[in-house]
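These notes concern the structure reproduced below.
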Amino acid sequence: ANAYGALAYMVYMPIAGATSAVSGLAVVGGSVSVRVDNSVQIPVKYVINDQLVQPNYADLTFTSSATGTATVGEHTGLLTGVQAGSADITVSLASPALTLVVPATVTNA
């Protein structure tokens, strides 16, 4: 009797520490850019059942290939520009063992 019909959707929210359903890691936009002396959150997502899901950042490990250019919080994903240039940010999940390399660019302006 309703003109809109029956609509529903499901959202999968993994329990903290329960990452067994994660099949991949992805970064929205594929790369990250930040200005010198500024910080941005790396927009990493879990891939679960072909959907992008907000991760628990504490389960991830972030490292920078060039800390003189860009630093990153080990378990926060907060990228800070140090000097103009580029760096690769490695995002890792321990279980299942997954790794993603994210190109980062630091600009002066």
Side-chain angles (χ1 to χ4, degrees):
N2 188 327
Y4 296 106
L7 301 175
Y9 66 94
M10 182 179 88
V11 175
Y12 179 82
M13 298 280 300
I15 297 171
T19 58
S20 61
V22 178
S23 61
L25 301 172
V27 167
V28 176
S31 64
V32 180
S33 182
V34 65
R35 292 182 179 172
V36 172
D37 296 327
N38 286 310
S39 297
V40 297
Q41 182 73 50
I42 296 175
V44 66
K45 302 289 184 192
Y46 290 153
V47 178
I48 300 176
N49 296 328
D50 295 327
Q51 295 182 1
L52 298 180
V53 177
Q54 183 64 34
N56 179 355
Y57 277 77
D59 291 338
L60 300 168
T61 302
F62 297 82
T63 56
S64 173
S65 67
T67 56
T69 301
T71 60
V72 64
E74 182 179 12
H75 294 290
T76 64
L78 192 63
L79 180 69
T80 302
V82 178
Q83 71 176 14
S86 60
D88 286 330
I89 307 302
T90 302
V91 183
S92 302
L93 178 65
S95 179
L98 298 170
T99 302
L100 173 69
V101 177
V102 182
T105 303
V106 179
T107 61
N108 285 321

Show me the donor-acceptor pairs, under 3.5 Å and distance only, between side chains in residues 101-109 and residues at least two apart or in other chains.
| unit_1 | atom_1 | unit_2 | atom_2 | d |
| --- | --- | --- | --- | --- |
| Thr107 | OG1 | Ala109 | O | 3.2 |

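The backbone N or O of Gln51 lies less than 3.5 Å from no partner atom in the side chain of Asn49, so there is not a single donor-acceptor pair.
Here the CD-OG1 distance, from Glu74 to Thr63, works out to 8.5 Å after rounding to the nearest 0.5 Å.
At a threshold of 4.5 Å between non-hydrogen side-chain atoms, the residues Tyr46 and Leu60 count as touching. The closest side-chain heavy-atom distance from Val82 to Thr69 is not below 4.5 Å. The shortest distance between side-chain heavy atoms of Phe62 and Leu78 does not fall below 4.5 Å. The side-chain heavy atoms of Ser23 and Asp50, taken from C-beta on, include no pair separated by under 4.5 Å. Using a 4.5 Å heavy-atom threshold, the side chains of Thr19 and Leu98 count as separate.
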- Message: Run the side-chain contact (heavy atoms from CB on, under 4.5 Å) test on Leu79 and Gln41 for me, step by step, so that the C-alpha distance in whole Å, both residues' side-chain angles and the decisive distance to 0.1 Å come before the verdict.
- Response: CA-CA 6 Å; Leu79 180 69; Gln41 182 73 50; over 6 Å; no
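Across all non-hydrogen atoms, the minimal contact from Ser86 to Ala66 is O-CB, 4.2 Å. In plain terms, the two heavy atoms of Ala58 and His75 that are nearest each other are O-ND1, 3.6 Å. Summarising the geometry of Asp59 relative to Leu93, their closest heavy-atom pair is O-CD1, 3.4 Å, with the distance given to 0.1 Å.
Taking Ile, Leu, Val, Met, Phe, Trp and Tyr as members and joining any whose side-chain heavy atoms lie under 4.5 Å apart, directly or through other members, the hydrophobic cluster of Leu52 also contains Val47.
With sequence neighbours excluded, the residues that form a side chain to side chain donor-acceptor pair (under 3.5 Å) with Thr80 are Ser39.
Of the candidates Thr90, Ile89, Asp88, Asp88 is the only one forming a side chain to side chain contact (heavy atoms under 4.5 Å, CB included) with Ser65.
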